[in-house]
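What follows is a set of notes on a single structure, which appears directly below.
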Amino acid sequence: MTQPYDTGGLRPATDAPTAGDVPPATAGAPESPATLLERLLKEVENTPGDNSNSGDNSNRGSGQTPPQADPAASPGSGGNPTGGPAYSPAGGATGSPMNGLMGSLLSHPELLQTIPTLISTLGPMMRTGSSGTPGAGIGGRTGGDAGGRTGGDPGGKPGGGAHPGGGFHPDRHTPLLKAIKPYLGPERRQALETMIQLCQVWDTLQDLGISLLPPAADNRGTQPPPPSGKEG
Amino acid sequence: MQLDRKSLDRLLNLSDDQLRMLLRRLLSENGVDPGTVPLEQLNMGKLREALRGATDEDIAGYMALLSALGNRGGAGPQ
């Protein structure tokens, strides 16, 4: 099986092709996302992996609740099938910011092209905001729960909205950005709204522990956070 | 296959290891070097929470965005 990238040691030993393995789509026409997911799901489901999924999450509080496939749980209505509050990636004062982002992005295809540039541009700024706290880079908030979003760094300092170093912090700067919106022209206003929504997406990914930035191997000598899950 | 609630339930039924493996494969297949994404640090509990809480609108939005990105040649090296 050809891989676009050499995944090196990250590739688990169980990642070998299985009996139900389907050839990758890299050789032919591009797969749709759904088809790709289906193929990979079959592969992974056929993989005799370690089924112990409770231990991995035991330190994260949310644990491994068995999926509550409740089709009657108002599909499409925004309800959480588990009965809990609806998932709101960015803390959701405005409902589901992802929906607004999708609409905005899809209605402005040219913005899609700018996303990689924006991410690479914002990356150093976001890293600067946490450069004073090694390990608190993009995964700096992995130690906190959703309530820690406005709590600043994982150390839980009071008034943590002010990041050490005064760097970029979406929650802190979003009100300011919104305040200047009336004074901007239509194009810049649209760009500003998109940026705010991108920040919300970024924030969501941070909460999930996903970093879109390369490891902190910059010239400031900060060390990336340790790979082991030390959250919770 | 249509990505829908059933698909998300299948994802939720995967173990953490299988889910990470799937994510690695998805990254790789989409041209992202999995080594650059610290999946070991991924909060699986929150990921599952997000999967459980995703609405049909969310799913449709994600798929549309993925399709749009794919159509623009953002699917990585060919």
Side-chain angles (χ1 to χ4, degrees), chain A residues 3-5 7-8 10-12 14-15 24 30 32-38 40-41 43-45 47 49-53 56-57 60-63 67-69 71 75-76 78 80-82 86-87 96 98-99 102 105-106 109 112-113 139 142 207-211 214 225 227-229 231, chain B residues 1-3 5-22 24-26 28-50 52-58 61-70 72 74-78:
Chain A
Q3 294 285 335
Y5 283 93
T7 58
L10 280 174
R11 188 174 184 186
T14 54
D15 200 11
S32 72
T35 310
L36 174 63
L37 181 61
E38 168 69 14
L40 295 180
L41 252 175
E43 286 184 30
V44 172
E45 283 173 344
T47 303
D50 180 13
N51 286 326
S52 60
N53 55 1
D56 196 19
N57 283 340
R60 278 150 187 165
S62 55
Q68 303 286 327
N80 188 338
T82 59
Y87 176 68
S96 177
M98 296 297 286
N99 289 340
M102 295 304 165
L105 285 177
L106 294 175
L112 289 173
Q113 289 180 316
T142 55
D207 281 349
L208 289 173
I210 297 174
S211 169
S228 61
E231 308 157 24
Chain B
M1 171 200 177
Q2 181 66 32
L3 182 63
R5 175 65 51 192
K6 197 177 289 184
S7 308
L8 295 188
D9 288 339
R10 285 176 68 189
L11 289 172
L12 287 167
N13 279 324
L14 297 177
S15 71
D16 286 354
D17 285 344
Q18 288 174 320
L19 206 47
R20 280 199 180 88
M21 188 187 308
L22 177 70
R24 281 194 192 95
R25 298 297 306 277
L26 276 174
S28 179
E29 295 274 350
N30 284 284
V32 179
D33 181 3
T36 63
V37 181
L39 288 176
E40 293 78 11
Q41 301 171 32
L42 179 61
N43 189 330
M44 302 303 282
K46 287 193 175 179
L47 176 62
R48 291 177 188 277
E49 180 186 343
R52 272 193 294 269
T55 66
D56 290 347
E57 288 178 1
D58 292 332
Y62 285 128
M63 296 308 294
L65 179 59
L66 283 175
S67 298
L69 288 173
R72 304 188 77 82
Q78 300 298 318

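First the proteins, then the strands, lettered A, B, ... as listed; each starts at 1.
- Shortest non-hydrogen contact noted between B:R10 and A:E38 is NH1-OE1, 2.8 Å.
- Atom-to-atom distance recorded for B:L22:CG and A:L41:CG is 5.5 Å, nearest 0.5 angstrom.
- Note that CZ of B:R25 and CG of A:L40 are 5.5 Å apart. Values are rounded to the nearest 0.5 Å.
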